[in-house]
Colleague: 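Handing you this structure, nothing more for now.
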Amino acid sequence: MSNELRSQKHYGALALLPLVVFLIIYVGVGLFFTIIGKDEAFNQLPRHVAIMIAIAIAWLAYDRRTPLAKKVKIFTENAGSSGIAELGLILLLAGAFASAASASGGQDALVNMGLSIIPPSLLIPGIFAMSAFVATAMGTSTGTQAAFLPIGIAVAQSADLNVAAAAAAVIAGAYFGDNLSIISDTTIAATTGVGANMKDKFKANFMIALPAAVITFIIYAIVGGTGKIKGDLSFNFFDIIPYLFVLIAAIAGMNVMFVLLSGIVLTGIIGMIRGHLHFFEWTAKVGEGMESTFSIFLVAFLISGLVALIRYYGGIDWIVETMKKQARGRKSAEYAMGILSGILSAALVNNVVAILIAAPIAKEIGDASQIPPKRMASILDIFAASALMVLPHDSGMLMAEQFGNVSYLEVLQYSFYPVILILCTFISIHLGMFKGKKAA
């Protein structure tokens, strides 16, 4: 949406009401049914229904003289943006690959291999470390979660471990790796936005994120439990070739859609050669996998359109201006830019867009407070990622619910990393650590 396209009447904080209504009714109803012991508590009011209520409020409660058709157009132009379409395609292909790979025998083989290599007492922290490594190499948290959540959950189920803990470990590892990756879109947005060098930003992030990751690894080792290995752990190496291809090709920098398409084809070829399924069983599984992730795409579509309406009514501008006024001195400036990035990330459900919006403001605040660009970029990235890790409607949490059949609250109670990461960042801000030089 063009920056010039704004409502003539700016509603300020009131423009955020639809998003607040969505969060309150979705989380509130889910919590209520959880407390009374209702099965599938958060499905009693599906998230897409809650979002549609918020969208109806955004359409009808503001700018009543503006034709509804214009508001609908603002919604559809942004809900159907190229970014959302690309996310949807990746999710559909990831679901198809996961389903087809499982049907062709690849998932069982990969689970058995993982159970054979990782000590039973370190399965949950091992999942966290594996997810972090791949995300660092691939430069994408969403892609890592799409690839690893089905695997991590399957490992936990086979080893009789907590599925929610495994899902939380994958999500944490994915964001840890993405936060450090030089090829990550968030890194590129943060460094270019404030004029920082990528390697300097990596070092600044590393000094904060690594201690948080080490502490998280230790906690998962303590609370993760010792898995009970069941049955025969034998596996055929050929069955895991599709997974290996996808991981290696993604790390090598190949286009993620081409990688997933190639992986899907490989599952069919190997599955049929190995006698695990015939052609139409494979195509049926590909279709089932695509359908399994469609609900996530639907949520992303609706949320993107809703945020566009909030921006049109002046809600995002209000957040930016409010946070900008809070910066007084170095510490308050770092807190302000971090909180701004986190709030925007939570409101937009997109850390890249949040950083793109926050970076110019952060640079203005940071330059006035003599904060090095690498520090600005690091803080923007950390807060934006931390906000997404605890949202009930972020893609990682949605996929965890989809693949693991666990609730948001179950996963949240094992989401140690975002809390520890923010605490480490607060300590570094409060103690004035890693100040560096202004020119850095």
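Note that the structure is a prediction, hence the values are computed from the model and not measured.
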Colleague: Answer yes or no: is there a side-chain heavy-atom contact under 4.5 Å between Ile273 and Phe238?
Modeller: no

Colleague: I'd like to know if Arg330 and Glu334 make a salt bridge, using a cut-off of under 4.0 Å between side-chain N and carboxylate O.
Modeller: yes

Colleague: Start with the C-alpha gap between Ser104 and Leu277, add the side-chain angles, then the distance that decides, and say whether side chain to side chain contact (heavy atoms under 4.5 Å, CB included) holds.
Modeller: CA-CA 6 Å; Ser104 67; Leu277 74 177; 4.1 Å; yes

Colleague: How far apart are the C-alpha atoms of Phe75 and Tyr312, what are their side-chain angles, what is the distance that settles it, and do they pass the side chain to side chain contact (heavy atoms under 4.5 Å, CB included) test?
Modeller: CA-CA 10 Å; Phe75 174 90; Tyr312 174 73; over 6 Å; no

Colleague: Among residues at least two apart in sequence or on other chains, which ones pass side-chain contact (heavy atoms from CB on, under 4.5 Å) with Ala166?
Modeller: Ile124, Ile127, Ala156

Colleague: Report the residues that fulfil side-chain contact (heavy atoms from CB on, under 4.5 Å) with Thr283, sequence neighbours left out, ordered by chain and then residue number.
Modeller: Phe279, Phe280

Colleague: Measuring only between side-chain heavy atoms, which start at C-beta, is Arg311 closer than 4.5 Å to Ile74?
Modeller: no

Colleague: Verify side chain to side chain contact (heavy atoms under 4.5 Å, CB included) between Asn236 and Asp239, making sure each step is shown before the conclusion.
Modeller: CA-CA 6 Å; Asn236 190 300; Asp239 291 334; 3.6 Å; yes

Colleague: Taking only residues two or more places apart in sequence or in another chain, which ones pass side-chain contact (heavy atoms from CB on, under 4.5 Å) with Pro211?
Modeller: none

Colleague: Provide the full list of side chain to side chain donor-acceptor pair (under 3.5 Å) pairs with a residue in residues 123-133, sequence neighbours left out, each pair given once.
Modeller: none

Colleague: Quick one: side chain to side chain donor-acceptor pair (under 3.5 Å) pairs with a partner in residues 94-103, sequence neighbours left out?
Modeller: none

Colleague: Could you tabulate the donor-acceptor pairs under 3.5 Å formed by side-chain atoms of residues 413-422, not counting sequence neighbours?
Modeller:
| from | atom 1 | to | atom 2 | distance (Å) |
| --- | --- | --- | --- | --- |
| Tyr414 | OH | Asn162 | ND2 | 3.1 |
| Ser415 | OG | Val411 | O | 3.1 |

Colleague: For Lys38, what residues pass the side-chain contact (heavy atoms from CB on, under 4.5 Å) criterion, not counting sequence neighbours?
Modeller: Phe33, Ile36, Gln44

Colleague: Return the set of residues passing side chain to side chain donor-acceptor pair (under 3.5 Å) with Thr142 (not counting sequence neighbours), or none when no residue passes.
Modeller: none

Colleague: Under the rule for ring pair (Phe, Tyr, Trp, His ring centres under 6.0 Å), what residues qualify as partners of Tyr175, not counting sequence neighbours?
Modeller: none

Colleague: So which atom in Leu388 and which in Asp394 form the shortest heavy-atom distance, rounded to 0.1 Å?
Modeller: O-CB, 3.4 Å

Colleague: Starting from the C-alpha separation in whole Å, work towards a yes-or-no answer on side chain to side chain contact (heavy atoms under 4.5 Å, CB included) for Ile57 and Phe22.
Modeller: CA-CA 10 Å; Ile57 294 173; Phe22 157 62; over 6 Å; no

Colleague: Check whether any side-chain heavy atom of Val307 lies under 4.5 Å from a side-chain heavy atom of Asn78, and answer yes or no.
Modeller: no

Colleague: Rounded to the nearest 0.5 Å, how far apart are NZ of Lys363 and CE of Met337?
Modeller: 10.5 Å

Colleague: For Tyr408, which residues count as a ring pair (Phe, Tyr, Trp, His ring centres under 6.0 Å) partner, sequence neighbours excluded?
Modeller: none

Colleague: Please enumerate all residues that pass side chain to side chain donor-acceptor pair (under 3.5 Å) together with Tyr26, with sequence neighbours excluded.
Modeller: Arg47

Colleague: Taking the side chain as every heavy atom from C-beta outward, state whether Val49 and Pro46 have any pair of such atoms under 4.5 Å apart.
Modeller: yes

Colleague: Under the criterion side chain to side chain donor-acceptor pair (under 3.5 Å), I'd like the reasoning laid out for Ser345 against Asn351: C-alpha separation, chi angles, the key distance, then a yes or no.
Modeller: CA-CA 5 Å; Ser345 185; Asn351 51 350; 5.6 Å; no

Colleague: When rounded to the nearest 0.5 angstrom, what is the spacing between CE in Met376 and CD1 in Ile355?
Modeller: 14.5 Å

Colleague: Is the backbone N or O of Val406 less than 3.5 Å from a side-chain atom of Glu401, with the two atoms forming a donor-acceptor pair by type?
Modeller: no

Colleague: Once rounded to the nearest 0.5 Å, what's the spacing between atom CD of Glu291 and atom CG of Leu92?
Modeller: 10.0 Å

Colleague: So which heavy atom on Lys374 is nearest to which on Ala204, and how close?
Modeller: O-CB, 3.9 Å

Colleague: How many angstroms lie between OH in Tyr313 and CG in Leu309, if you round to the nearest 0.5 Å?
Modeller: 5.5 Å

Colleague: Can you tell if the side chain of Gln157 reaches within under 4.5 Å of the side chain of Val163, non-hydrogen atoms only?
Modeller: yes

Colleague: Taking all heavy atoms of Ala213 and all of Phe128, pick out the closest pair and write down the distance.
Modeller: O-CE2, 3.6 Å

Colleague: Is the closest side-chain heavy-atom distance between Ser292 and Gln402 below 4.5 Å?
Modeller: yes

Colleague: Return the CE to CD1 distance between Met397 and Ile171, rounded to the nearest 0.5 Å.
Modeller: 5.0 Å

Colleague: Indicate yes or no: at least one non-hydrogen side-chain atom of Ile55 is less than 4.5 angstrom from one of Pro18.
Modeller: no

Colleague: Looking at Asn179 and Ala385, what are the two nearest heavy atoms and their distance?
Modeller: ND2-CB, 4.4 Å

Colleague: OG1/Thr187 to CG/Leu180 distance, rounded to the nearest 0.5 angstrom?
Modeller: 8.0 Å

Colleague: In residues 262-272, what donor-acceptor pairs under 3.5 Å come from side-chain atoms, sequence neighbours left out?
Modeller:
| from | atom 1 | to | atom 2 | distance (Å) |
| --- | --- | --- | --- | --- |
| Ser262 | OG | Phe258 | O | 2.8 |
| Thr267 | OG1 | Ile264 | O | 2.4 |
| Thr267 | OG1 | Trp282 | NE1 | 3.0 |

Colleague: Among Leu302, Leu298, Leu19, whose side-chain contact (heavy atoms from CB on, under 4.5 Å) with Ile51 holds?
Modeller: Leu302

Colleague: Does CG belonging to Asn43 count more than 12 external heavy atoms closer than 6.0 Å?
Modeller: yes

Colleague: Can you confirm whether Leu93 sits close enough to Met290 that some side-chain heavy atom of one is under 4.5 Å from a side-chain heavy atom of the other?
Modeller: no

Colleague: For Lys331 and Ile429, which heavy atoms make the closest approach, and how far apart are they?
Modeller: CG-O, 3.7 Å

Colleague: Provide the closest heavy-atom pair for Ile208 versus Ser428 in the form atom of the first, atom of the second, distance.
Modeller: CD1-OG, 3.8 Å

